[in-house]
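Read the structure below first, then the notes.
Each chain gets a letter, A, B and so on, in the order its sequence line appears, and its residues count up from 1. All of these numbers come straight from a predicted model, not from anything done at the bench.
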Protein chains: 2
Amino acid sequence: MTTAKKAAPPSERRADLIRHAADLFAEKGFRATTVREIADAAGILSGSLYHHFDSKESIGDEILREFLDDVLAGYREAAAGTQDPRVAIERMVRSSTAALSRHRAALTMLQNDWAYFSAQKRFAYLRAAMREIELNWIAQLERGKQDGHFRADLDARLIYRLLRDILWIPTSWKQARGKSWKTDEIVDGLLRLLFDGITAR
Amino acid sequence: MTTAKKAAPPSERRADLIRHAADLFAEKGFRATTVREIADAAGILSGSLYHHFDSKESIGDEILREFLDDVLAGYREAAAGTQDPRVAIERMVRSSTAALSRHRAALTMLQNDWAYFSAQKRFAYLRAAMREIELNWIAQLERGKQDGHFRADLDARLIYRLLRDILWIPTSWKQARGKSWKTDEIVDGLLRLLFDGITAR
DNA sequence: CCTACTTGCCCAAACGCTTGCTCGGTCCTA
DNA sequence: TAGGACCGAGCAAGCGTTTGGGCAAGTAGG
């Protein structure tokens, strides 16, 4: 996913604007965020944004691409160097969580505005990337079934779907009111739940 | 949650319009849905909607109230007539899932437009209801810990948060492409995951 | 060292369009 | 003939975006 054909000279100011936009997208979603709000956050007038980007969607595009690249890179690392699907899955859980907390805006956008993005051909790569992510998980789950580490009766696709959406969750708690858990607490609780359930033995 | 002070004569047509609106809210969320789209779906002009409702938010309000009433009623039934927290929790999982599939629009609205609604005092009851729901779950989890059915080291509040958001998930798969699971399959898979995890024994 | 010109960043104002909503009037039914 | 349901037209506000210009920093040439 290299830079687009024409625009995108990676200036310092430009990256700064993307960060401001991402903060807002992370809290309100893409469609619910106004270009005027982005401009305000950056101490600028809305029209001035178009000196750096040719559209609001270009900002979203850049944020989403970076996120997907990061996630898939993490999976490649997780799968490399181990034959044990339990190890691979634990690594994938941890790397996913880390990537999500690094790209909170992308998560909110995928959750809130998926219908909006996936309907545009410009964002066709979203579907492709999600598909690739799915294949990574299913591959490990199936291997675990075959070598006896996981229950033979589990539906890999179903478990993946559950797992994927479950992993989204803690990231959207970031600015939780009252007590907030550390990321490690959450991930450990999640892994424990995933492998062992809540029942006492 | 009785009907509001002034408006809302429960005519047949009115209920019909709410159903049309709910279908759209379920797919696109509240803010992303236009009053003109709602009117189109009902074969009407947008202005004519205001003969039945005094605002778009009133439609959302009614949908949300019905959902919350339904959920809490289900929890009261689940807790009544059993002392075993495992039974109570299984009942709560099943009744929640049923309620969610009955009120898909409310789910999408709470997911996509929570920030929008919860910022308005008109929707202050949302926070109160969510709090009551949380207390129901935590009560059962704590009882399970004390009588030894559940692991003594689990964080009830954390598990509740995970569980709540996990229960949202399958409902938002309704119009999934390709293979789609039956609700029972999903719930059973979920309960199995919750109690036992994915590890083979 | 002064000048001329470029370049990056931003302002001010407005454009066309969509949004939720209003209002006077018309139609149909009882 | 009274009243519920809807039309038709439009309003103000907000949206993403465009346009023309201003201003400071840099860079070359004389």
Going through the distances and angles, do A:Gln140 and A:Tyr160 end up as a side chain to side chain donor-acceptor pair (under 3.5 Å)?
CA-CA 10 Å; A:Gln140 297 299 335; A:Tyr160 156 71; over 6 Å; no
Mind running side chain to side chain donor-acceptor pair (under 3.5 Å) on A:Ser96 and A:Tyr75 for me, showing each step along the way?
CA-CA 8 Å; A:Ser96 297; A:Tyr75 289 174; 2.8 Å; yes
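Contact annotation: the side chain of A:Met109 never approaches that of A:Phe67 to less than 4.5 Å [non-hydrogen atoms, C-beta and beyond].
For the pair B:Leu24 CG and C:dT19 C1', the interatomic distance rounds to 16 Å; values are reported in whole Å. Note: CZ (B:Phe53) to P (C:dT22) measures 15 Å, nearest angstrom. Straight-line distance from the OH atom of B:Tyr50 to the C1' atom of C:dG24: 18 Å, rounded to whole Å. Atom CZ in B:Phe30 sits roughly 12 Å away from atom C1' in C:dT19 (whole-Å rounding).
Few gaps surround CD on B:Gln120; more than 12 heavy atoms of other groups in view lie less than 6.0 Å from it.
Residue pairs meeting the side chain to side chain donor-acceptor pair (under 3.5 Å) criterion with at least one partner in residues 16-25 of chain B, sequence neighbours excluded, are B:Arg13-B:Asp16.
Remark: B:Lys56 fails to qualify as a cation-pi partner of B:Tyr50 under the 6.0 Å distance and 45° angle criteria applied to the six-membered ring.
In this model, a donor atom of one side chain and an acceptor atom of the other lie less than 3.5 Å apart for B:Asp54 and B:Ser58. Checked by atom type, the side-chain pair A:His52/A:Arg14 shows no donor-acceptor distance below 3.5 Å.
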Per-nucleotide protein contact along nucleotides 8-17 of chain C, 5' to 3', at a 4.0 Å heavy-atom cut-off (B base, S sugar-phosphate only, - neither), is SBBBB-----
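Protein chain A contacts DNA chain D over a range whose 5' and 3' limits, counting nucleotides with an atom under 4.0 angstrom from a non-hydrogen atom, are D:dC15 to D:dT18.
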